[in-house]
2 protein chains.
Amino acid sequence: MMEARHTSTSERRQAQLDALVDAAERRIATGGIKALKARDLAAEIGIALGGLYNLVPDLDELALRVSSRTLNRLGEALTATADRWPLATPDDAVNRLVAIAQAYLAFARGNLSLWRTLFELRLAGDAVLPEWAANDQLRLFHHIAEPLAVLLPQQTEAGRGLTARTLFAAVHGIVVIGLEDRLIAVPPQALNAQIEWLVRATCRGFST
Amino acid sequence: MMEARHTSTSERRQAQLDALVDAAERRIATGGIKALKARDLAAEIGIALGGLYNLVPDLDELALRVSSRTLNRLGEALTATADRWPLATPDDAVNRLVAIAQAYLAFARGNLSLWRTLFELRLAGDAVLPEWAANDQLRLFHHIAEPLAVLLPQQTEAGRGLTARTLFAAVHGIVVIGLEDRLIAVPPQALNAQIEWLVRATCRGFST
DNA sequence: GCCTCATGTGAACGGCGTTCAAAAAATGCC
DNA sequence: GGCATTTTTTGAACGCCGTTCACATGAGGC
């Protein structure tokens, strides 16, 4: 053991785990979740096949860790976009919502495989969602709920949360189907315009 | 060979293929696409393992055939719903669109695993979508485009087609995320109301 | 130096989709 | 019917997969 000085076992394990998640991320980004092979990963980070299971209980959890990273990068992208748009008037709110939706599309386009695995992951039977994953998601919804507070000041927090989820899901639907070449969908070059139209239309729906 | 009289080879092959797709459909409906195992299927329809590949080139195509059935049943469900709603006035059109969207949700709920495999199927690299599959999809969009013609008489056919795709994708997004227990989403009991709200809001967006 | 114990290893296991040489059945011909 | 030829069916075998576990390896305390 002991290749670097002052390196405890747990520190090395953490470094190996980081390398593993790095490798997993690269492989998913290149070849999708189907490209996550135990033997390839072990070879890439220089440990024996069985050693993987000292770092991670199974490959599903590895994909989950990659997804967590992706979700955080998505959050940063949305934050960066939101910060570029003022939020004083209702018009500002609508514009920011449009910008966020389009940033979502841009992120999905630019991180296609990683973004897809966010939703392809179906955990085995027991299906207990780790709480950190839930928190990651809640943080995303905040980006939508915030402008909604300007647009719908009279609504309750819970009501706006529901609206935020609905709006997100609708935009998400356009993006999923639009980026899926197998389906007859909104053509890729029209996606931005259609998303903008949908967001503006639903926002107009608030006032009537 | 020859167990039933006047049964040609090709007729028996067709019967076996039907039995195979039946079995595949049952297994997907029960356990999702992960439950589609070559050995189980062969045993269930009473042929040898290798015999499967006389009926179907691989399991992906089998899943595709099941998906075709599902798509057709979905089409029938939407047709039945559409037929129950008049289409004389713009108000009628909006109401019908809402009804169709909710019928889509109901179908997804009632055929969860089969409906999911419609979208989980990612065909290998070459990615040529069989034309019959494309036609199935086009027929579905017609159900949305038809009311849109009443709502947007001045628009071109192509423009309405684009709107139909966008509207479908948005509703689809709410349904996918809403029926996915892994994600924080619109709670199931609120799905109907949220879908109705979205459809009505976007329809109001047409006139302004 | 030596014992102890945590850590790392890779052969092995069970399961998967798919293939293919060989067996079996059907068909054609006398 | 009997034999040769072709078609169809069979299941053992292949290669790959995720995961496990008996064993080897090396570090830390004495």
Side-chain angles (χ1 to χ4, degrees), chain A residues 1-21 23-24 27-28 30-66 117 120-126, chain B residues 1-21 23-24 27-28 30-66 117 120-126:
Chain A
M1 199 206 281
M2 178 70 61
E3 64 181 20
R5 232 188 306 239
H6 303 309
T7 294
S8 75
T9 299
S10 73
E11 281 169 343
R12 199 200 42 243
R13 283 271 263 257
Q14 188 56 50
Q16 282 182 331
L17 180 57
D18 290 347
L20 177 60
V21 181
R27 294 191 111 84
I28 291 181
T30 305
I33 201 171
K34 305 280 306 271
L36 210 63
K37 306 299 173 99
R39 285 168 177 79
D40 293 348
L41 289 165
E44 180 162 344
I45 67 171
I47 64 173
L49 176 56
L52 277 189
Y53 298 90
N54 296 330
L55 304 176
V56 131
D58 54 38
L59 290 191
D60 278 3
E61 165 137 352
L62 185 52
L64 212 66
R65 285 182 189 264
V66 173
T117 70
E120 283 176 357
L121 223 79
R122 190 162 335 279
L123 24 156
D126 53 354
Chain B
M1 200 207 284
M2 177 69 62
E3 64 180 19
R5 228 187 311 238
H6 302 310
T7 294
S8 75
T9 298
S10 74
E11 281 169 342
R12 197 200 45 242
R13 284 271 262 257
Q14 187 55 51
Q16 282 183 329
L17 180 57
D18 290 347
L20 177 61
V21 180
R27 293 190 111 85
I28 291 181
T30 304
I33 202 171
K34 304 279 307 267
L36 211 63
K37 307 297 172 100
R39 285 167 177 81
D40 293 348
L41 289 165
E44 179 163 342
I45 68 172
I47 63 174
L49 175 57
L52 278 188
Y53 299 89
N54 296 331
L55 304 175
V56 131
D58 54 37
L59 289 192
D60 277 3
E61 165 137 352
L62 185 54
L64 211 66
R65 284 180 188 266
V66 173
T117 69
E120 284 176 356
L121 224 77
R122 188 159 342 273
L123 22 154
D126 53 355

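Each chain gets a letter, A, B and so on, in the order its sequence line appears, and its residues count up from 1.
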(request) Enumerate the residues from residues 33-44 of chain A whose closest heavy atom to DNA chain C is under 4.0 Å, giving them by residue number; use none for an empty result. (result) A:R39
(request) For B:G50 and for A:G46, locate the closest nucleotide of DNA chain C by heavy-atom distance; then report the residue assigned to the nucleotide nearer the 5' terminus. (result) A:G46
(message) Measure OH/A:Y53 against P/C:dG10 and give the value in whole Å, please.
(response) 16 Å
Listed pairs under 3.5 Å, donor-acceptor, residues 33-59 of chain A side chains, sequence neighbours left out:
| unit_1 | atom_1 | unit_2 | atom_2 | d |
| --- | --- | --- | --- | --- |
| A:E44 | OE1 | A:R27 | NH1 | 2.1 |
| A:E44 | OE2 | A:R26 | NE | 3.4 |
| A:E44 | OE2 | A:R26 | NH2 | 2.7 |
| A:D58 | OD1 | A:D60 | N | 3.2 |
| A:D58 | OD1 | A:E61 | N | 3.0 |

(message) For a quick check of understanding: with a heavy-atom distance under 4.0 Å over all strands, which category does B:N54 fall into, base, sugar-phosphate or nothing?
(response) base
(message) Rounded to whole Å, please give me the gap between CG in A:L49 and P in C:dG8.
(response) 14 Å
(message) How many whole angstroms separate atom CG of A:L52 from atom P of C:dG8?
(response) 12 Å
(request) Provide, to the nearest angstrom, the distance between the CD1 atom belonging to A:I45 and the P atom belonging to C:dG8. (result) 11 Å
(message) I want to check something: taking the side chain as every heavy atom from C-beta on, are B:L17 and B:R65 in contact at a cut-off of under 4.5 Å?
(response) yes
(message) Return whichever of A:L59 or B:I47 has its heavy-atom-nearest nucleotide of DNA chain D closer to the 5' end.
(response) B:I47
(message) Rounded to whole Å, please give me the gap between CG in B:L62 and C1' in C:dT18.
(response) 14 Å
